[in-house]
Amino acid sequence: MRQDVVDIMLASTSNIESLQSRGVFSGSRIIPAFRANDTTDVWGVIRGGNYRATPSLPYSGTDLTRARAELCLYSMTFNNITEADTATLEAYRDFRPKARAAGKRHFLEVFNPNMPTGFTAAETGMFVNDCITRALASLTADERPEFLKVAYNGPAALEELVAHDPTVVVGVLGGGTGTHRDTFELVWQAEKFGARLALFGRKVNMAEHQPTFIKWMRAVADGDARPVEAIRGYHGDLANLGLAADRSVDDDLLITEEVLIAAAER
C-alpha cells in the first residue's frame with residue numbers, strides 16, 4: 001500500500017475488514033477487493049484436504065451485506081461435466097442479484113478445468129472461452145463483471161476472447177510459481193495479445209522481495225522494461241538490498257511454463 005504501485009488489493013473478506021479498520025486504504029487510490037466465493041478447487045490450503053481431486057463445486061461463505069469493500073471477486077471453474085458446470089452457472093446466477101442488492105461490483109475469475117478433460121492446451125483455451133461467452137450471454141448490461149480474470153492459454157485463445165467483445169476487459173491470473181522470467185514473460189505476452197490487467201498472487205508472494213518484484217512487474221506492464229531486462233534489474237536490486245536470490249540470474253532467465261515458450265521474446 002505504501003509503495004502505491006498496484007491498482008487493486010485483493011484479500012479475504014476478513015482481511016479486507018482488518019485492513020479497513022486500521023485505515024490502511026484511507027487516502028489511497030488503491031481499490032480494496034474481497035473474495036465473494038471460494039470454489040472447492042482452490043481449497044488447497046486445507047492441510048490433508050483432497051478437494052482438488054473432485055470437480056469444482058461453488059461455495060460462498062461471505063455475507064455481501066457486511067463485507068467492507070465495494071468490489072469483489074467471483075470465481076468459477078468449468079470441467080465439461082454437466083452436473084458440476086450447471087451448479088457453477090446457477091450459483092453465479094444467484095450471486096448477481098445479491099451483489100446488486102448489497103451495492104457490490106464484481107470481477108469474474110474463470111479457472112481452467114481442475115479435472116482431466118483430454119483436451120490439448122489449445123483446446124482448453126477454446127473450451128474456457130466458450131464457457132465464458134455462454135456465461136456472459138445470460139447477463140444484462142448492469143449485471144456484467146467489471147473485468148475478467150482468466151488463465152493465459154496462449155496467444156490464440158487470448159486474442160479470440162479479447163476480439164469477441166471489445167467492451168469486455170480481459171485480465172490474466174498468475175497461476176503457479178515458476179521462474180521470475182515466467183512471471184515477467186506472462187505480463188509481457190498477456191498485454192501484447194490483448195489483456196489489460198495482471199492479477200497475481202503466488203508469483204508475487206513467493207518472490208524474495210515482494211515490493212521490488214512488483215516494481216519490475218509494473219515496469220514490464222508499462223512498457224518500461226522487457227522481461228530479460230526486468231530479470232537483470234530485479235537481481236541487481238536484490239544484491240543492493242543484501243538479499244540472496246533463490247536462483248542464479250541464468251536459471252531465472254529460463255522460461256519453464258510451456259504456454260509461454262512459443263511466443264517468448266527472444
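Numbering of residues begins at 1 and proceeds along the displayed sequence.
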Quick one: closest heavy-atom pair of [X] and [Y], and the distance?
X: Gly125; Y: Ala157; answer: CA-CB, 3.9 Å
X: Leu89; Y: Ala135; answer: CD2-CB, 3.9 Å
X: Pro211; Y: Gln3; answer: O-NE2, 2.5 Å
X: Ser75; Y: Arg35; answer: OG-NH1, 4.4 Å
X: Val259; Y: Gly154; answer: CG2-N, 3.3 Å
X: Gly174; Y: Leu186; answer: O-CD2, 3.9 Å

To the closest 0.5 Å, what do you measure between [atom1] ([X]) and [atom2] ([Y])?
X: Leu161; Y: Met126; atom1: CG; atom2: CE; value: 10.0 Å
X: Asp251; Y: Asp246; atom1: CG; atom2: CG; value: 11.5 Å
X: Ile81; Y: Thr117; atom1: CD1; atom2: OG1; value: 9.5 Å
X: Met76; Y: Asp85; atom1: CE; atom2: CG; value: 10.0 Å
X: Asp182; Y: Glu258; atom1: CG; atom2: CD; value: 11.0 Å
X: Phe193; Y: Glu160; atom1: CZ; atom2: CD; value: 14.5 Å

Looking at residues at least two apart in the chain, or sitting in another chain, which of them share a side-chain contact (heavy atoms from CB on, under 4.5 Å) with [X]?
X: Ser56; result: Thr39, Thr40, Asp41, Thr77, Asn79, Asn114
X: Arg47; result: none
X: Ser12; result: Ser14, Asn15
X: Val128; result: Val110, Asn112, Pro113, Thr124, Ile132

Does [X] use its side chain to pair, donor to acceptor, with the backbone of [Y] at less than 3.5 Å?
X: Trp216; Y: Glu229; result: no
X: Gln189; Y: Leu260; result: yes
X: Asp130; Y: Phe127; result: no

Is [X] linked to [Y] within one hydrophobic cluster, defined over Ile, Leu, Val, Met, Phe, Trp and Tyr using a side-chain heavy-atom separation of less than 4.5 Å?
X: Leu241; Y: Val204; value: yes
X: Met115; Y: Phe119; value: no
X: Leu108; Y: Leu173; value: no
X: Tyr92; Y: Tyr59; value: no

Please list, chain by chain and in numerical order, all residues satisfying ring pair (Phe, Tyr, Trp, His ring centres under 6.0 Å) with [X], sequence neighbours excluded.
X: Phe95; value: Tyr74, His106
X: Phe213; value: His180, Phe184, Tyr234
X: Phe111; value: none

Please check if atom CZ in Arg232 has more than 12 non-hydrogen atoms from other residues, nucleotides or ligands closer than 6.0 Å.
no

More than 12 non-hydrogen atoms from neighbouring residues, nucleotides or ligands closer than 6.0 Å to CE on Met206, yes or no?
no

Salt bridge (charged side-chain N to carboxylate O under 4.0 Å, His left out): which pairs involve residues 51-80, sequence neighbours left out?
Glu70-Arg105

Pair listing, salt bridge (charged side-chain N to carboxylate O under 4.0 Å, His left out) test, anchored in residues 4-25, at least two apart
Asp4-Arg29, Asp7-Arg29, Asp7-Arg218

What residues form a salt bridge (Lys or Arg N to Asp or Glu O under 4.0 Å) with Glu208, not counting sequence neighbours?
none

Any carboxylate oxygen within less than 4.0 angstrom of a Lys/Arg side-chain nitrogen, looking at Arg144 and Asp165?
yes

Does the side-chain contact (heavy atoms from CB on, under 4.5 Å) test come out yes or no for Leu19 and Met1, once each step is laid out?
CA-CA 10 Å; Leu19 293 171; Met1 295 296 296; over 6 Å; no

If we check salt bridge (Lys or Arg N to Asp or Glu O under 4.0 Å) with Glu143, which of these qualifies: Arg100, Arg93, Lys104, Lys98?
Arg100

What's in the same ILVMFWY side-chain cluster as Leu254, cut-off under 4.5 Å, chained through other members?
none

Could you list the cluster mates of Ile31? Members are the ILVMFWY residues connected by side-chain heavy atoms closer than 4.5 Å, either directly or through other members.
Ile8, Leu10, Leu71, Leu73, Phe107, Phe147, Val169, Leu197, Leu199

Can you list the steps and then say if Tyr51 with Val42 is a side-chain contact (heavy atoms from CB on, under 4.5 Å)?
CA-CA 8 Å; Tyr51 304 107; Val42 299; over 6 Å; no

I need the single residue from Pro58, Ser60, Cys72 that forms a side-chain contact (heavy atoms from CB on, under 4.5 Å) with Asn37. Which is it?
Ser60

With no hydrogens and no angle check, do the side chains of His235 and Asp252 hold a donor and an acceptor under 3.5 Å apart?
yes

